[in-house]
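All heavy atoms count here, side chains included; hydrogens, waters and symmetry mates do not.
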Amino acid sequence: MSNGMLVLIIEDHSLPIVCYNTTFKVGSRNEFQKTAKSHGITGMSHLFEHMMFNGSKKYGEGIFDQLLEANGGNSNAWTSKDMTSYYEVFPTDCLDLVIDMEADRMANLSLTKKMFTSERDVVKEERRMSIENSIPGTMWEALYKNAFTKHPYHWPVVGWMEDLNEITLSDCKSFYQKYYSPSNAILIIAGDVVYPNVIDKLESAYGSMPVAKLTDSQSITEPNNDGERMVEIHRPAELERWLMGYLGCAGNHRDTATLDIIQQIMGDGDSSRLVKKLVHDSQIAIDVSGTFHWGIDPDLFLFDFRVRPGISGDRVLGQFDKQIDRLSETLVSPRELQKAKNQLASQLIFEMSTLLGKCTEISNYYMIFNDYQMVFNMIDRYMNVTRQDVLTAAQTYLRRDNRTIVRVIPEKNGGTE
């Protein structure tokens, strides 16, 4: 559009339903933590996810969801390290209302002291529940805190409690003005709509919003690890649990497809190498999984396992490392590689089979690759990965000196996870 907002329309008239997805290129990587000169604003992106539902100039507090649900629709939102996304799914005849409500909160969000204080308290409680009182949450925070020493992926999306306590209403207003503009957003509308009619409606609702000149100021590069990092956490728990992260590549790197392939081979499903070896054959782990996190900047390739009672965690780690070494030393079989490719192709096709799935995947690809059409080329990328690519990627990224490990050691009085 004339103000810089990218709009994609996906016509699908199979049902009288529409999905309306607005994603802003702002997440926790655009924040900063406390310094000697100023307080921090970590957690701000996630805080805004909450505040965006609390009223605007035309639609007051609580009206957004009230009107949407009264018309048979629903809404939700999520925040990541790289982006913040809002979506609604609703009957076709509700489209004009949603366009008007979304445009109003993008341009005229009500940022009051009462609303800010209330939502900040909600986010602080969410932090207590999801991180401070959760073993997986504590591990996740400790992993990123230690794996990243310079880059903003260092702090959690929900933010540090110290920063949440010190964020001000003025900080929120500045953040809103800087990042919540059409030129920093992609809008995807999928479903029972007609392209020319929708564009006219959008021009009327959004067209007067000003162009904002915003560049990605984030240029911090995380230095290479100087060796394996180990963090031990002692907590009341039933099981010993390990979480480890290897520093990977940025999502738009050519190795991304290969690391996705490795994820399938090593930790996806009962026939994957780690699950078969650690869980079924040797029965030394309760479960094990692996995943590569795509990010605008290099993120982590994660592995997670829980140790079976009576088994040493170091023993499980030893068997885990043997499987990683095997991947780095010997070419995978053609059949194993093709199976992983088929799985990834199937997953992407499945994720794109719903209106919400289309909106979510395409907006993610746009934010990561800066090219929404990459979603249609990803399967070809998977199919072009070779056995040598897998071997080289394993040698490049899955090195002991490139990983951070968080280990939870159960205290004697037991507990729950």
Verify the distance criterion only: is there a donor paired with an acceptor across the side chains of [X] and [Y] at less than 3.5 Å?
X	Y	value
Ser118	Asp121	no
Asp389	Thr386	yes
Asn165	Lys124	yes
Ser272	Gln264	no
Asp260	Trp294	yes
Gln343	Asp268	no
Asn21	Thr23	yes
Ser14	Asp12	yes
Ser56	Asp104	yes

Original post:
Minimum heavy-atom separation for Gln395 to Ser328, with atom names?
Top reply: NE2-O, 2.9 Å
**OP:** Please name the pair of heavy atoms, one in Ser28 and one in Val157, separated by the smallest distance, quoted to 0.1 Å.
**Re:** OG-CG2, 3.8 Å
Subject >> Residues that Tyr153 engages under ring pair (Phe, Tyr, Trp, His ring centres under 6.0 Å), provided they are two or more places apart >> reply: Phe148, His151
Original post:
Got a sec, which residues hit ring pair (Phe, Tyr, Trp, His ring centres under 6.0 Å) with Trp140, two or more places apart in sequence or on another chain?
Top reply: Tyr144, His293
Test item: [X] and [Y] side chains (from C-beta on) under 4.5 Å apart, heavy atoms:
X	Y	result
Ile349	Ile379	yes
Arg273	Val332	yes
Asp163	Glu31	no
Met115	Arg120	no
Asp304	Arg241	yes

[X] side chain vs [Y] backbone, donor-acceptor pair below 3.5 Å:
X	Y	value
Arg127	Gly159	yes
Ser38	Thr35	no
Ser346	Asn342	no

Would you give the length of the straight line joining atom [atom1] of [X] to atom [atom2] of [Y], rounded to the nearest 0.5 angstrom?
X	Y	atom1	atom2	answer
Ser312	Glu240	OG	CD	7.0 Å
Asp401	Asn225	CG	CG	7.5 Å
Leu95	Ile17	CG	CD1	13.5 Å

Subject >> Glu222/Lys150 salt bridge by N-O under 4.0 Å criterion >> reply: no
**OP:** Would you please name every residue forming a side chain to side chain donor-acceptor pair (under 3.5 Å) with Tyr176, sequence neighbours left out?
**Re:** none
**OP:** Check whether NZ of the Lys or CZ of the Arg Arg105 lies under 6.0 Å from the centre of the six-membered ring of Phe53 and within 45 degrees of that ring's axis.
**Re:** yes
Original post:
Does the separation of the ring centres of Phe48 and Tyr179 fall below 6.0 angstrom?
Top reply: no
**OP:** Kindly indicate, with the supporting measurements, whether the criterion ring pair (Phe, Tyr, Trp, His ring centres under 6.0 Å) is fulfilled by Phe320 and Phe303.
**Re:** CA-CA 10 Å; Phe320 170 89; Phe303 290 102; 5.1 Å; yes
Original post:
How about Met129: does its CE atom have over 12 heavy atoms from other parts shown lying under 6.0 Å from it?
Top reply: no
Original post:
Is atom CZ of Arg128 surrounded by more than 12 heavy atoms (other residues, nucleotides or ligands) closer than 6.0 Å?
Top reply: yes
